[in-house]
Amino acid sequence: MQSSATHLRWELSAHRSFPRRTPFSSKIPSVRRATAVSLLLLAFGLTGCGKDEFADKTKLRYMAWGNPEQLALEQEMCEDFNRQNPDIHVSFVRVPASAYKNKMVVMFASRTSADVVRVDHYNFPQLVKKDYFYDMTSLAEKDPTFKSSDFFPQCIEEETVNGRMYGMNVLFGGILVYYNKTMLKDAGLEDPYELSQKGQWTWDRYREYAIKMTKFGPNGKPLKFGTQSPGMPVNLIPIWAFGGDLMTPDFKHSRLGDPNTIRAIQFLHDLPWKDHCSPNPAEAANGAFTFESGKLGMSFDFMGVSPTYRKKVKDFEWDVCPVPSGPHGGVSLVKGNQLVIYRETEHPQEAWRFVRFMTSVGTEQKLYGRLLRCFPTRRAVAYSKEYLHTDQAPHHMDSFVSTVEHGRPLPITSRWDEQLTLVTSAMEEINHVPDPDIPAILKRTQSKIDKMLGEEEGW
């Protein structure tokens, strides 16, 4: 990949190589000739015209993606930082989500990256191995205002690789249950949040609730489903609850063929095919049964869907509660994104100041307290009255807190994409038929994953 300067020289060279039928000197008067040259230079950004209003400042670029509300708040944060740090100017580079990963990787590889980049944690471990990120460990150690104890330990765990800090967590949170309170009342069921407070919200109770909330028409056509079976990676929550796992603790072997993993997958498969309380793939294909439509009683998701539900749901009451517990407890998964500093930035100290600002108490109060879109990484914000007490749904804000307090980071390594491809293929094979040989499929996939993990990692 050529650098921007090399590419510009190539374009100028290519332009000069074009045959010119009418020389400038013989056909264009001097004034017009000067104008033409100026326009050409302007097209390539080579003119010195126009004052650079930020010439006396250190200039940084910050790149991220998100929905309009999120991006508007982040733009506001950049402007706040610029006002509070008159020696620095941060420009916000927005990239559509659909193109973000490819553009980010190309910019890293071509050494044209923004100084600070938001990276989805799914991609973080692999990019760390490619040495694209600045090691923030020394920056944090020399910063007297930085204390890892200010943050939830899961946040620190995600951003640390081999004991070194390569990012700071943002847009963090865990999976929990969104439930339709109106459907529950109509079915005469006790609120699952109340059950969770009493330690009685289990996967067996969840299944019972899903069956009782499901409604069919006279012709046997489903009108409402009690739940929607979680897919990968959310299905790790019941797998953990049943005592299974995706990987061994050292990430060297798969545990898909473990009896407890098989038991959890069988439980999930029974919801649509045996209990008929969840749409099967054909019934779910047209998107008719969504939570916001009022045709789905329970759904698993991150806090990020809350603003959408507040905007779209008008005809029923809803709220959230922790995930059910199983024979081996009730642990949810947590995940965030990472703010990283580009390894070759010319201004690491200034970039660190910006990263610290974007993860400060004040910024988290604005970014997360206003939209209630994500969970704070800072304990002080998460436990504050301003965050926990709200006059809009969801009201059980403490469910988000307990989800993170007892949450477990996803086992994302540099081989995650390869592993996920194999696991997703197995789940599709299982989910699309009423009576699959689940043990055989999972054990066969485990062998494929172990073989892949034993081979040299490709780049």
Side-chain angles (χ1 to χ4, degrees), residues 120-122 154 158 171-180 192 196 201-203 206-207 209-210 225-247 254-256 258 260-272 277-281 284 287 289-292 296-306 308-309 320-326 328-337 373-375 394 399-400 402-404 406-412 416-417 419-432 438 442 445:
D120 194 306
H121 192 71
Y122 286 126
Q154 294 90 337
E158 270 202 338
L171 300 183
F172 184 69
I175 293 288
L176 72 176
V177 179
Y178 286 79
Y179 62 95
N180 185 319
S196 71
W201 182 228
T202 65
W203 281 101
Y206 161 85
R207 174 177 172 269
Y209 273 38
F225 280 108
T227 190
Q228 188 170 44
S229 300
M232 185 69 191
V234 181
N235 57 16
L236 273 173
I237 297 172
I239 288 174
W240 290 335
F242 280 75
D245 212 331
L246 186 65
M247 300 287 292
S254 170
R255 283 190 59 194
L256 274 186
D258 184 287
N260 289 326
T261 303
I262 294 171
R263 181 183 171 199
I265 297 302
Q266 183 68 62
F267 176 91
L268 295 177
H269 184 269
D270 286 348
L271 295 175
C277 61
S278 170
N280 62 41
F289 299 99
T290 62
F291 186 80
E292 60 265 38
L296 192 66
M298 295 180 288
S299 178
F300 293 84
D301 220 319
F302 285 103
M303 192 175 185
V305 301
S306 296
T308 298
Y309 292 161
V320 296
C321 69
V323 298
S325 61
H328 290 259
V331 177
S332 186
L333 65 84
V334 294
K335 177 190 163 296
N337 296 327
R373 179 174 180 263
C374 286
F375 189 79
S399 294
F400 294 107
S402 63
T403 294
V404 169
H406 304 102
R408 179 175 170 181
L410 281 170
I412 299 173
W416 173 259
D417 285 347
Q419 181 180 354
L420 188 63
T421 298
L422 294 171
V423 175
T424 301
S425 177
M427 294 305 165
E428 289 179 352
E429 185 178 354
I430 290 169
N431 294 335
H432 281 75
I438 293 177
L442 293 181
T445 305

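The model shown is predicted, which means the values in this text are computed figures rather than measured ones.
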Quiz item: How would you list, by chain and number, every residue that makes a side-chain hydrogen bond (donor to acceptor under 3.5 Å, both in side chains) with N260, sequence neighbours excluded?
Solution: none
Exercise. Quick one: sort the F267 and F242 rings into parallel, tilted or perpendicular, breaks at 30° and 60°.
Key: tilted
Practice problem: Quick one: list whatever passes side chain to side chain contact (heavy atoms under 4.5 Å, CB included) with S399, sequence neighbours left out. | Solution: L176, Y193, V320, P322, H396
Self-check item: Minimum heavy-atom distance V323-I175, with the two atoms named
Solution: CG1-O, 3.5 Å
Quiz prompt | Reported CD1-to-CE distance for the pair I412 and M247, which is rounded to 0.5 angstrom | solution = 12.0 Å
Quiz item: So how far is it from S299 OG to F289 CZ, rounded to the nearest 0.5 Å?
Solution: 14.0 Å
Quiz item: Which atom pair, heavy atoms only, marks the closest approach of F400 to P394?
Solution: CE1-CG, 3.7 Å
Exercise. List for me each residue that meets side-chain hydrogen bond (donor to acceptor under 3.5 Å, both in side chains) alongside D120, sequence neighbours excluded, and say none if there are none.
Key: K335
Practice problem: Please report the closest heavy-atom contact between T261 and G244, naming both atoms and the distance. | Solution: OG1-CA, 3.3 Å
Quiz item: To the nearest 0.5 Å, how far apart are CD1 in I262 and NE2 in H269?
Solution: 14.0 Å
Self-check item: side-chain hydrogen bond (donor to acceptor under 3.5 Å, both in side chains) partners of R207, counting only residues at least two apart
Solution: D275
Self-check item: Partners meeting side chain to side chain contact (heavy atoms under 4.5 Å, CB included) with T202 (sequence neighbours left out)
Solution: D204, R205, S325
Quiz item: A426 and T445: which non-hydrogen atoms are nearest, and at how many Å?
Solution: CB-OG1, 3.2 Å
Quiz item: Measuring from N431:CG to T424:OG1, what's the distance to the nearest 0.5 Å?
Solution: 10.5 Å
Quiz item: Residues two or more places apart in sequence or in another chain: which of them pass side chain to side chain contact (heavy atoms under 4.5 Å, CB included) with T290?
Solution: E292, S293
Exercise. Please identify each residue that fulfils salt bridge (Lys or Arg N to Asp or Glu O under 4.0 Å) with E429, with sequence neighbours left out.
Key: R444
Practice problem: Apply side chain to side chain contact (heavy atoms under 4.5 Å, CB included) to L442 and I430, showing your working. | Solution: CA-CA 9 Å; L442 293 181; I430 290 169; 3.9 Å; yes
Practice problem: Would you check if the side chain of Q154 reaches a backbone N or O of G407 as a donor-acceptor pair within less than 3.5 Å? | Solution: yes
Exercise. With sequence neighbours excluded, tell me which residues meet ring pair (Phe, Tyr, Trp, His ring centres under 6.0 Å) with F291.
Key: Y309, F316
Self-check item: Rounded distance [0.5 Å steps], CD1 in I438 versus CZ in R263
Solution: 13.5 Å
Run the side-chain donor-acceptor check on residues 225-241: report pairs under 3.5 Å with partners two or more places apart or on a different chain.
from: T227; atom 1: OG1; to: Y206; atom 2: OH; distance (Å): 2.5
from: T227; atom 1: OG1; to: M298; atom 2: O; distance (Å): 3.4
from: S229; atom 1: OG; to: L268; atom 2: O; distance (Å): 3.4
from: S229; atom 1: OG; to: S278; atom 2: OG; distance (Å): 3.2
from: W240; atom 1: NE1; to: D245; atom 2: OD1; distance (Å): 3.0

Exercise. Please identify each residue that fulfils salt bridge (Lys or Arg N to Asp or Glu O under 4.0 Å) with D417, with sequence neighbours left out.
Key: K101
Quiz item: P324 versus Y209: any side-chain heavy-atom pair under 4.5 Å?
Solution: no
Quiz item: How close do G336 and H121 get, heavy atom to heavy atom, and via which atoms?
Solution: O-CB, 3.0 Å
Quiz item: Residues two or more places apart in sequence or in another chain: which of them pass side-chain hydrogen bond (donor to acceptor under 3.5 Å, both in side chains) with H406?
Solution: none
Quiz item: Between atom CH2 of W416 and atom CG of L246, what is the distance when rounded to the nearest 0.5 Å?
Solution: 6.0 Å
Self-check item: Contact summary for C321 and W201, nearest pair of heavy atoms
Solution: SG-NE1, 3.7 Å
